[in-house]
There are 2 protein chains.
Amino acid sequence: MAATILVVEDEPAIQELISYNLKQAGHQALKADNAEQALNLVQSALPDLILLDWMLPGISGVEFARRLRSDKRTKTIPIIMLTARSEEQDKLTGLETGADDYITKPFSPRELNARVKAVLRRRAPQMTDDVVQVGGLKLDPASHRITGNGQPVDLGPTEFRLLHFLMTHPERVHSRTQLLDQVWGDHVFVEERTVDVHIRRLRKALEPTALDALIQTVRGTGYRLSPN
Amino acid sequence: MAATILVVEDEPAIQELISYNLKQAGHQALKADNAEQALNLVQSALPDLILLDWMLPGISGVEFARRLRSDKRTKTIPIIMLTARSEEQDKLTGLETGADDYITKPFSPRELNARVKAVLRRRAPQMTDDVVQVGGLKLDPASHRITGNGQPVDLGPTEFRLLHFLMTHPERVHSRTQLLDQVWGDHVFVEERTVDVHIRRLRKALEPTALDALIQTVRGTGYRLSPN
DNA sequence: CCCTCGTGTCACGGCACTGTAATAATCGTT
DNA sequence: AACGATTATTACAGTGCCGTGACACGAGGG
């Protein structure tokens, strides 16, 4: 868990309710009353997920979602739409604009949490605290522990996040740029070559368990984690 | 267990039944016939949990819940709603106001106790009076006593709560923010680094028993309690 | 009134971590 | 085999995080 979630909702009571529940679930909640305010927030820091009311004063939720989807920087952010029951027929339209899921009001905190978790699991598995296991490697985000073939492995913060991301997206080549975006964050200015160094450090830390072979170099493209 | 529970219910028979059962289960029961009376009680002493009838004369249960949620001092108190079967369709609305759980009348004492226990455990496991034991450490909330490998350990109030929380959530990294929310309360404004100092004091107090090793630092993330 | 205890904040210092550059090694291509 | 391009590896200096001791403040109690 522990994702940053932006709540865009004009009704204060519901907004408060939602952020309260998110906080209880261990997330950090950003709040916005309307689309303009939300856009500003998104400028400065990208949230991991956006809860978006369908009906908003000024720019509507749909329109806001469309804009997010058209901007390269924000197009991959998962969106959950909030809609009133009476607008149920608009569900399809909502999903068409690229929402990942929708919730109809009134909803229970349990449902909210379940859907948030589900979407995060699908779109940003490295944000959840599910235990990940690949090959002989096991990583537990909650306890922040890693074992390779049963032996404990210890990593610095960056290597930890890097490995976590790779393990949640295995069998897939990631360019250095992608890794920088996903592991370092999108507002960071860092040389691409730096990724090499951290890959190196990660491999070195895994050497004692012979699991460094999981991290493969794809020349001209990037890196991949694979049990083969 | 041994929580202080406020029962807000206008029907005397049901109120009596509930408080009797709560007392049987070892809790202390406060009684209120209506929301106004309940608000007064809450002013003087915060209960650990509130059982709230949906239908109340005067201020309704929903409205009362909303007020509790809007006040900083009371927003974290768990609420269980009581509703008649016929009001079942309002469940969602009930949960929307931030209730933690829901019981439909008529209910069995067993169900009541189970839900109360579940909510208390979910919301604040460190609120219960169960003796906690991790590694060679034993903490007894009821007698407010701690022993490390048999030897008594004494702590200040804050260190006690901190240790209690850590022991009830072991094998898990907690950020300074999470610890502040959980141990200090989310209405307090305190520097994050203050957590370090209390961790230090806690470690120092545990040193004589060599159990200070249980409290581990996870650089860049927070602290963890673990028997390893 | 003073003393003690508990608490929160600060400042200093050490050290782990990070990013970069320089150099060595490797790969693919001709 | 040789060359350019790409990646591996190492070293190093700067940075930021954390541990630690000191201190001020306030609440209670003697």
Side-chain angles (χ1 to χ4, degrees), chain A residues 144-146 152-166 173-208 210-226, chain B residues 144 146 153-166 173-208 210-226:
Chain A
H144 213 268
R145 277 212 164 93
I146 303 172
V153 175
D154 81 58
L155 299 176
T158 306
E159 282 77 39
F160 187 92
R161 290 198 311 276
L162 178 56
L163 180 58
H164 193 188
F165 177 76
L166 290 176
V173 194
H174 308 283
S175 72
R176 288 162 230 278
T177 307
Q178 287 173 326
L179 289 175
L180 283 177
D181 281 352
Q182 298 288 332
V183 178
W184 273 256
D186 70 326
H187 272 193
V188 207
F189 165 66
V190 174
E191 285 296 319
E192 286 213 338
R193 289 266 142 246
T194 300
V195 175
D196 298 31
V197 179
H198 282 276
I199 288 280
R200 157 69 177 152
R201 286 170 181 153
L202 181 50
R203 280 173 172 158
K204 196 164 202 171
L206 292 177
E207 256 171 25
L211 255 35
D212 57 309
L214 293 190
I215 296 163
Q216 302 159 0
T217 305
V218 180
R219 193 182 174 79
T221 309
Y223 298 95
R224 170 182 55 203
L225 185 138
S226 154
Chain B
H144 212 266
I146 303 172
V153 175
D154 81 52
L155 298 177
T158 306
E159 281 78 37
F160 186 90
R161 290 199 312 277
L162 178 56
L163 181 59
H164 194 187
F165 176 76
L166 289 176
V173 194
H174 308 283
S175 71
R176 286 162 230 278
T177 307
Q178 287 173 324
L179 289 175
L180 283 177
D181 282 353
Q182 298 289 332
V183 179
W184 274 256
D186 60 358
H187 56 287
V188 221
F189 179 69
V190 174
E191 284 298 317
E192 287 213 337
R193 297 289 264 102
T194 299
V195 175
D196 297 30
V197 179
H198 284 274
I199 287 281
R200 157 71 178 150
R201 288 168 181 156
L202 180 50
R203 279 174 172 158
K204 199 163 202 172
L206 292 176
E207 254 172 28
L211 256 34
D212 57 309
L214 293 190
I215 296 162
Q216 302 159 359
T217 304
V218 181
R219 181 170 255 264
T221 308
Y223 297 96
R224 169 184 58 202
L225 185 138
S226 153

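Letters A, B, ... mirror the listed sequences (proteins, then strands); counts begin at 1.
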*Starting at CD1 of Ile199(A) and ending at C1' of dT6(D), how long is that distance when rounded to a whole Å?*
15 Å
*Return the value, rounded to whole Å, for the distance between atom CG of Leu179(A) and atom P of dG19(C).*
13 Å
*asked:* With a 4.0 Å cut-off on N to O distance, would you call Asp154(A) and Arg145(A) a salt bridge?
replied: no
*Do Leu163(A) and Leu225(A) have side-chain heavy atoms sitting under 4.5 Å apart?*
yes
_Any Trp184(A) side-chain nitrogen or oxygen under 4.0 Å from OP1 or OP2 of dG19(C)_ = yes
*Taking only side-chain nitrogens and oxygens of Thr217(A), does any of them come within less than 4.0 Å of OP1 or OP2 of dA8(D)?*
yes
*Side-chain touch Val173(B)/Tyr223(B), heavy atoms, less than 4.5 angstrom*: no
*Within this structure, what is the CG-to-P distance between Asp196(A) and dT26(C), rounded to whole angstrom?*
16 Å
*Say whether, by atom type as modelled, one donor and one acceptor occur between the side chain of Arg224(A) and the main chain of Gln216(A) under 3.5 angstrom.*
no
_It should be established whether Tyr223(A) places a side-chain nitrogen or oxygen under 4.0 Å from OP1 or OP2 of nucleotide dT6(D)._
no
*Rounded off to whole Å, could you give me the CD-to-C1' distance for the Glu207(B) and dG19(D) pair?*
12 Å
*DNA chain D: Arg200(A) or Gly220(A), which has the more 5' nearest nucleotide?*
Gly220(A)
*So do Leu202(A) and Asp212(A) actually touch side chain to side chain, heavy atoms under 4.5 Å?*
no
*Classify the side-chain pair Arg176(B)/Thr221(B) by whether it contains a donor and acceptor separated by less than 3.5 Å.*
no
*For the pair made of CG in Leu180(A) and P in dT18(C), what is the distance, rounded to whole Å?*
14 Å
*Can you check the Arg161(A) CZ to dC17(C) P distance for me, whole Å?*
13 Å
*Scan Phe160(A) against the nucleic acid and name what it touches under 4.0 Å (heavy atoms): base, sugar-phosphate only, or nothing.*
nothing
_I'd like to know if Arg219(B) reaches the base of dG19(D) with its side chain such that a donor and an acceptor end up less than 3.5 angstrom apart._
no
_By nearest atom, which of the nucleotides dT9(C), dT6(D), dA11(C) is closest to the Arg193(B) side chain?_
dA11(C)
*Is any side-chain nitrogen or oxygen of Thr194(B) closer than 4.0 Å to OP1 or OP2 of dT9(C)?*
yes
*asked:* Taking 4.0 Å as the cut-off, does a side-chain nitrogen or oxygen of His198(B) come that near to OP1 or OP2 on dT7(C)?
replied: no
_Distance, rounded to the nearest Å, where Gln216(A) contributes CD and dA8(D) contributes C1'_ = 16 Å
*Using heavy atoms to find the nearest nucleotide of DNA chain C for Gly156(A) and Val190(A) separately, return the residue whose nucleotide is more 5′.*
Gly156(A)
*Taking for each residue the nucleotide of DNA chain C with the nearest heavy atom, is it Glu192(B) or Asp154(B) whose nucleotide lies nearer the 5' end?*
Asp154(B)
*Distance below 4.0 Å between Lys204(A) side-chain N/O and dT10(D) OP1 or OP2*: yes
*Rounded distance in Å - CZ (Arg176(A)) to C1' (dG19(C))*: 15 Å
_Closest nucleotide among dT18(C), dT7(C), dT9(C) to the Arg201(A) side chain_ = dT18(C)
